[in-house]
Structure formats: structure tokens, C-alpha cells
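Accompanying notes for the structure given below.
None of the values given here were measured: they were computed from a predicted structure.
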Amino acid sequence: YFSISLSFIFAILLALYLFFVYRIYTRKSFYDKEFNMSLPIITIIITAVIIAIQSSLVVSLGMVGALSIVRFRTAVKRPMDLSFVFWAVATGILCGTRLFAIAIIMNILLTLGLILMELLPVAKAPKLLVIHANENIDKTKLFDIIRAVTPNYTVKSESNTSGNICLIIEARFPKSHDLLANISAFSEVKKCSLIEHDGEVAF
């Protein structure tokens, strides 16, 4: 019973460690408390399952049969959340097999990896410039203003509806305030806005 107790002690300690790591990691984004609470529970359950499998061949066959019919239908919102689930599962397996040194080293390495990846510089994401104007606007002068701010831009969409055009331009605008003011100076421009998205950054 000493080895079993030791397995659960390490599982609980590492599960709490994982709980706080996930909480700190998601401090700048959407935090799901229920998901974070499930990580320690998964770790301890996997530890108990591994201990039960090791104790008896009959129990191990029963566990395999029982777990084979389980279907998980809850969608994982972010890829990193799936990584934390595997982190919890791996910790539970290592604690259940009493490989505590490997479990501790794995948790330290994964934490250091998260810190290093957070410190890596990320390229500035492009923005979308949306312009609603009359169709008789001088596009040459309009694009000259945009080129004065950024030489590299892409016209993502251009539509014309009942004499009104809508332009969507993607670029990295360093001086967005001046750009919007200069574009709004056109009498033909009805509305212009700059949208910053949180999607993946194209290098």
C-alpha cells in the first residue's frame, strides 16, 4: 500500500502543478475553469487506472473492455488545450507506473518549453482596411495614400452594389490613425474602418 499511496501523492502534487500552469498560461486569453478543473481529475483517474491494470490481469482486461466503449464528444476549443489533456494523461501514466523522476522531468521540460515559446517574438499581424465609398472615387489617389503608408498591400475583395463600392485591403499599417484620416478626407468615402484579427500570422 505504500507504493500505491506514493503514486497518488505524486499524482495529486503534479496535478495541482498542472492546474496552476494552465491557469497562468491562459491569463491573457479565454480561461475555461471547468476544463482546468478536469486536468487534475484526469491525472488522478489515469493513475488509478494504471495501478488497477498492474494489480491484476483480469482487472486489466476488464478496463480495456470498459474503456473501449467510451466515446468523447466534447470539442476541444484550442489545440493547446488538447496538449494539456495529453500532459495530464502522460503524468497519470507515469505516476501510476511509479516513474516519478520521469514525471517530474517531463513537467519541468514542458513548463520551460511553454516559457520559451511565449518569449519568442511574433510578427505583427496584418490588418484589414475596409472602405465604403461611391463608385466614382479616384482609386489612383486612394491607393497612392495607402502606398505612402505601406508599399506592400493586397486587395482582398472589391464589390460594387448599386453604385457603392466596398474595398477590403490587407496590409501592415504602422500609422493607422493618419491613414484613416487621409482616406476619410475623400468626399466619396462614406465609411472606412481598420480591423485587427486574432488569427494566425503569415510570415
Side-chain angles (χ1 to χ4, degrees), residues 18-39 71-90 106-203:
L18 180 57
F19 177 87
F20 287 110
V21 168
Y22 181 82
R23 182 66 186 93
I24 295 172
Y25 177 76
T26 56
R27 69 188 184 278
K28 296 181 181 178
S29 59
F30 177 75
Y31 173 66
D32 190 344
K33 185 178 180 180
E34 288 188 359
F35 177 81
N36 196 12
M37 292 173 61
S38 69
L39 295 177
R71 295 292 182 270
F72 298 98
R73 299 184 182 275
T74 302
V76 179
K77 297 182 179 65
R78 298 178 302 173
M80 280 303 299
D81 289 347
L82 187 60
S83 301
F84 276 96
V85 171
F86 279 106
W87 186 342
V89 171
M106 182 194 72
N107 278 266
I108 293 174
L109 290 177
L110 289 175
T111 305
L112 292 176
L114 286 177
I115 295 173
L116 291 176
M117 287 186 288
E118 282 289 315
L119 294 176
L120 288 175
V122 179
K124 191 175 181 181
K127 298 179 181 179
L128 295 177
L129 176 63
V130 183
I131 302 172
H132 297 272
N134 293 328
E135 63 179 355
N136 58 352
I137 188 173
D138 191 344
K139 294 183 182 178
T140 303
K141 293 182 179 180
L142 179 64
F143 287 120
D144 286 340
I145 292 176
I146 297 173
R147 272 192 293 269
V149 177
T150 175
N152 299 319
Y153 63 89
T154 305
V155 179
K156 303 294 289 185
S157 174
E158 181 177 355
S159 59
N160 191 325
T161 306
S162 301
N164 297 319
I165 65 171
C166 177
L167 289 170
I168 300 178
I169 301 167
E170 183 184 56
R172 291 180 172 89
F173 302 102
K175 299 178 181 179
S176 58
H177 180 73
D178 295 337
L179 177 66
L180 292 177
N182 293 332
I183 294 176
S184 299
F186 283 86
S187 59
E188 297 86 358
V189 174
K190 297 180 179 180
K191 181 182 178 182
C192 65
S193 56
L194 203 58
I195 302 172
E196 183 174 358
H197 62 86
D198 296 328
E200 295 182 357
V201 179
F203 291 89

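In this structure, the separation between CG on L119 and CG on L114 is 11.0 Å, given to the nearest 0.5 Å. Annotation: the span from L167 atom CG to N160 atom CG amounts to 9.5 Å, rounded to 0.5 Å. To the nearest 0.5 Å, the span separating CG on L18 from CZ on R23 amounts to 14.0 Å. Between atom CD1 of residue I169 and atom OG of residue S157 there is a gap of 10.5 Å, rounded to the nearest 0.5 Å. T154 contributes atom OG1, which lies 13.0 Å from atom CD1 of I168 (distance to the nearest 0.5 angstrom).
What you find for Y22 and D81 is that their closest heavy atoms are OH-OD1, 3.0 Å. For the residue pair A171 and N152, the shortest heavy atom distance occurs at CB-O, 3.5 Å. The nearest pair of heavy atoms linking L39 to A88 is O-CB, 3.6 Å. For V130 against H132, the heavy-atom pair with the smallest separation is CG1-NE2, 3.6 Å. In terms of heavy-atom proximity, M106 sits nearest to W87 at CE-CD1, 3.9 Å.
Annotation: side chain of I137 is not in contact with side chain of K190 (no heavy-atom distance under 4.5 Å). The shortest side-chain heavy-atom distance between N36 and F84 does not fall under the 4.5 Å cut-off. In this structure, N164 and N134 have side chains that are in contact, with non-hydrogen atoms separated by less than 4.5 Å. At least one side-chain heavy atom of F35 sits under 4.5 Å from a side-chain heavy atom of S38. Considering only heavy atoms from C-beta on, V21 stays 4.5 Å or farther from L110 through its side chain. In this structure the side chain of L129 never reaches within 4.5 angstrom of the side chain of Y153, judged on heavy atoms.
Salt bridge annotation for D144-K141: absent, with no cationic side-chain nitrogen under 4.0 angstrom from a carboxylate oxygen.
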Does the pair I165 and E188 meet the rule for a side-chain contact (heavy atoms from CB on, under 4.5 Å), with working shown? CA-CA 10 Å; I165 65 171; E188 297 86 358; over 6 Å; no
Can you list the steps and then say if L142 with I131 is a side-chain contact (heavy atoms from CB on, under 4.5 Å)? CA-CA 10 Å; L142 179 64; I131 302 172; 4.1 Å; yes
